[in-house]
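Only one structure is covered here, and it is reproduced in the block below.
Only heavy atoms go into these numbers, but all of them, side chains included; no hydrogens, no water, no symmetry mates. So you know, we letter chains A, B, ... as the sequences are listed, proteins then strands, and number each from 1. Since the model is a prediction, treat every value here as computed from it, not as a measurement.
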Amino acid sequence: MTLAGGLIVGAALVAAGVLLAISRRTAGSSLPVQALGTAVIGACGGAVVVQGATIGSGFEGGLGLSAAVGVDPLSGFFLATLALVCVPALVHARGYLAGARHAAAITAMSGVFVLAMAGVVVARSVPGFLAAWELMSAAPAAAILLRSRDESACRTVLLYLSLTHLAGVGVWVSMLWLANAGAITDPSALAGEPAMHRSLLALAALVGFGTKAGLMPLHTWLPRAHPTAPGHVSAIMSGVMIKVALYGLVRMLFEWLQPLPGWVAPVLLAAAVVSCLGGVLYALVQHELKRLLAFHSVENVGIIALGLAAALLAGQHGHEAIAAVAFAAAMLHTLNHALFKSLLFLCAGSFQRQVGELDLDRLGGLLRTMPVTGVAFLAGAMAIAGVPPFNGFASEWMTLQALVQLGIADSPGGVVVQAVLAAVALAATAALAVYCFVKVVGLVLLGPHRQRAAEQATEAPASMVAPVVFLALTCLAIGAAPGLVLEPLGNLSPFGPLPGDVAAVAPRVPGSGAFAPLAVLALVVAATVVLQALRRRGGIAAPSPVWICGQPRSARLAWTSAGFTKSLRLVLDGVLRPRRSVEVVGDATGVASIHHASEVPHLFDEVLYRPALRGALGASRRLRRIQSGSLRAYVTYLLLTLVGVLVVVRIGGE
Amino acid sequence: MRGAVLPGIMQVAGLALAPMLPGLVQQAKARLQGRVGAPVHQPYRELRRLWSRSVVAPEGTTLIYRLAPSVCAAAVGCAVLVVPVGTHGIGWLGTDALVLAGLLALARFATAASAWDPGSGFALMAAGRDLMFGVFAEPLLLFSLALFALGAGSTDLRTMAAGAGDAAIAGSPAHWCGVVALLLVVLVETGRQPVDNPDTHLELTMVHEGPLLEYAGRDLAMLHWASAARHWVVLVLVADLVMPTGGSATWGVAAIAACVVALCMALAVVETLVAKARILRVPALLGVGFAVCVIGLASAVFGGVQ
């Protein structure tokens, strides 16, 4: 069967799954069909990447309504990522949605979501791209509303849809302008346009695709929308939807918008650095698991954008090899983040189903009651923290190398400073991610149970355990052998092939030492096994209470999320601006109780969004005075408009 | 190649020689304070004593408590096998500088996660502080390594060590700014004053010692060894980047050894002269390192040495 036939079969299977869910009103029979269809789509996409082929039609310029589809290596890579995330998510949904309200409708929406994302990636005509884009934005909103209809869910969906569409203006303007100029098929079409037009195009594209991807300061919908969606839909949103936005950004900046204005790469680099640091800092002070994971998505999108910006900078200054390495690092991190973020969200879904809530201060000890999910969650946490030998470290190492090599190479002074400072910011992000995920692992998996439900939780059913185990093993495999993925990535690069050693067993970027992840994994595992055996030979472990220097152990002295991060909160007081309120309830006879509440408000909400919202509402209130209701006023408006148009025509005619 | 054998042997022997470095520092501190002090090989006696005891199993702990000392020791052991002694490294795990930060992060992750398992307040407080120092020390380490890489033209540790012998690179201001920053990182990684006091178990001064409180026997021996191996990793790294080790391999190894001994003496002098800084002031101290690195970066970029 040809690859094109395989893609059609896969899409048909997913559509069949959606129809099954709608007609039979059950989720159980539809989800395996959808998962199978998605797996077929992903396999075909992967085959396209590995072979480096292009199937279907190329991009069609112009604005004609056509349903042209085609798959080239970049599209194939995103299809493979889609499958690697959506197949485990759909299998997980089988157990997650069992007994949930509107399970069939949510399943149908998931299938539509998957088809819409695949449609964005394979669309080869601008109207087709935009139609699939809008469907991709609408599907998760429907899934959120199906799950719960209360006021906060409605407000979240309204915010998500309005922000996405405000930013979607950027996507529509840039795509339609490019199609009109014919730049989609002809890379030299924009060369004659004035620089101001190209700058406006680039700004529209950055705002449009950047909002959907979740770059700071355009990210505010992400931490609100991702936690309220059903478990597997959150995984797909965080794992794939924001990557599809980055796909659009890659097409725009690397293929269609040539020659790129000079300010785009430094601005993207700055936005990426702000996303990295801001995302992880705000994640640190969250105490709800899914909101924390959503902020980490912002951070990782920043890391991917760092790689893309480094590739742009390197390409603009003639270092093709470094640009290829940076682009490959960004693509590898796209895949890695999709894998470990969906792993973490699916585990969170399992915890939510077995325990009932996800407040970090009210879980605890889940490694004892849910061992397999717990170990998979630990693997995901180590991967996202960027700790060897998992895959997060491999892609972060490559991005760091690309930035440092860009500094070492013969570049202008400003580029060297930008590259080195961006590398330092990425190292700070990695250290903050370690801090955050040690806290998460400790609060969720270890320590005493903090409520009855955590104590009574049992291991999730097999349909929810198997996907997370698969994702954890994939993270470890890619971390140990990143060369397996880097080799086909050479077919994607717009900067020519990857330098020889990058895809080797011990990857080596030109100008760096070798890094042997397989040897590190083997040595760490071997040393741990040997040391554990020696540990047991030393005598039977003496069972004892926890020492705590002789103090009694009390549940009321158990550490909270805020307590563990307090030292960093105090040091970064000026940036985070936490708010504290202490209320002492008592009278002359003594203190009855003391209430303490503290929170870290989101700086962007306070400084950027609320004032903008207030300004917009105030301006529209003032504008509403035009609608006075008086007929005479309206006739006057019509006369004034007519006179104005005649004057303009008269002036224009001269 | 005959020349590369001795440095390779020294690097692997670092796994066994590492405990001598804290012993040297303690002996020097004792002499400076007018005491006789324990002999230089006291840490070996300590390790042998701990090795003969059994481990404990606090109630309610899971496999993370059991695995963490082994993983921490394995991670720092890998870091020892990455840092070359001079310009020849064994290269089993590669010789890239940026891998060091990752391996030390793995060790820090294992230790800090193990503090959550028993749930002891002292261990958690210390783990939080350790991670907070890591937030500022890891970027400073990367900044200084980037400065050295800018001078030497590669992030391979062997090339960076060879750059120390090149007069043009070793004489540049960027190189010495990087050395100053790296010495601050040494203070944080080894847990010496003014960052932390390794001699006491007081609540105020526990950063590295905190998670160790719940361990006994062979587990504690592995964690003590890991702490000593961290000394080896950062001190040999500084010695590589400061001493010219080109030429004969034997003289190179001797130069590194002399520099490491001198750095241990310097650590003892700093610990004796300087009081411990407030925990919340340590990031400001590391901020001085960042400022020095920015000056070094400006000098490298606009001063013409690249």
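Using a 4.5 Å cut-off between heavy atoms, A:Val438 contacts chain B through both its backbone and its side chain. Of the two parts of A:Leu378, only the side chain, counted from C-beta on, holds a non-hydrogen atom closer than 4.5 Å to a non-hydrogen atom of chain B. With a 4.5 angstrom heavy-atom cutoff, A:Leu534 touches chain B via backbone and side-chain atoms both. Within the 4.5 angstrom heavy-atom criterion, atoms from both the backbone and the side chain of B:Pro118 approach chain A. Neither the backbone nor the side chain of B:Leu145 has a heavy atom closer than 4.5 Å to any heavy atom of chain A. With a 4.5 angstrom heavy-atom cutoff, B:Arg53 touches chain A only via backbone atoms. Contacts of B:Phe122 with chain A are made by side-chain atoms alone, with heavy-atom separations under 4.5 Å and no backbone atom involved. Contact of A:Glu396 with chain B is not made at all, since no heavy-atom distance falls under 4.5 Å. Only the side chain of A:Ala385 has a heavy atom closer than 4.5 Å to any heavy atom of chain B. Heavy atoms of B:Ala127 lying under 4.5 Å from chain A belong to its backbone as well as its side chain. Of the two parts of A:Val520, the backbone and the side chain both hold a non-hydrogen atom closer than 4.5 Å to a non-hydrogen atom of chain B. With a threshold of 4.5 angstrom between heavy atoms, A:Pro388 approaches chain B through its backbone and through its side chain.
Between the side chains of A:Asp361 and A:Ser561, not a single donor N or O lies within less than 3.5 Å of an accepting N or O. With 3.5 Å as the limit, one finds no donor-acceptor pair spanning the side chains of A:Glu455 and A:Thr369.
Using a 4.5 Å cut-off on side-chain heavy atoms (C-beta onward), B:Glu214 and B:Ser114 make no contact. Annotation: side chain of A:Leu568 is in contact with side chain of A:Leu432 (closest heavy-atom distance under 4.5 Å).
Counting only residues at least two apart or on different chains, the salt bridge (charged side-chain N to carboxylate O under 4.0 Å, His left out) pairs with a member in residues 522-537 of chain A are A:Arg535-B:Asp219.
The two residues B:Arg66 and A:Gln532 have their closest heavy-atom pair at O-OE1, 3.1 Å. The shortest non-hydrogen separation linking B:Val80 to B:Gly14 is CG1-C, 4.3 Å. In terms of heavy atoms, B:Trp116 sits closest to A:Gly442 at CG-CA, 3.3 Å.
A side chain to side chain contact (heavy atoms under 4.5 Å, CB included) with B:Trp225 is found for one member of B:Leu220, B:Leu50, B:Leu15 and no other, namely B:Leu15.
In this structure a side-chain-to-backbone donor-acceptor pair under 3.5 Å is missing from A:Ser512 to A:Arg508.
Here B:Met125 is the residue among B:Met125, B:Arg129, B:Arg158 with the most heavy-atom pairs under 4.5 Å with chain A. Here B:Gly121 is the residue among B:Ala105, B:Gly121, B:Gly119, B:Gly77 with the most heavy-atom pairs under 4.5 Å with chain A. In terms of heavy-atom pairs under 4.5 Å with chain A, the best-connected choice from B:Gly134, B:Ala75, B:Ala149 is B:Ala149. When each of B:Leu124, B:Leu280, B:Thr62 is scored by its heavy-atom pairs under 4.5 Å with chain A, the top score falls to B:Leu124. Between chain B and the residues A:Val387, A:Val417, A:Val424, the largest count of heavy-atom pairs under 4.5 Å involves A:Val424.
Within residues 92-102 of chain B, the residues approaching chain A closer than 4.5 Å by heavy atoms are, in numerical order, B:Trp92, B:Leu93, B:Gly94, B:Thr95, B:Asp96, B:Leu98, B:Val99, B:Gly102.
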| message | B:Thr155 vs A:Gln401, test: side chain to side chain donor-acceptor pair (under 3.5 Å). Steps then yes/no. | response | CA-CA 8 Å; B:Thr155 56; A:Gln401 280 292 352; 3.3 Å; yes

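To the nearest 0.5 angstrom, B:Ser172 atom OG is 9.0 Å from B:Leu147 atom CG. Of the inter-residue distances, the one linking A:Leu277 atom CG with A:Glu299 atom CD reads 9.0 Å to the nearest 0.5 angstrom.
Separation of the A:Phe393 and A:Phe515 ring centroids falls under the 6.0 Å cut-off.
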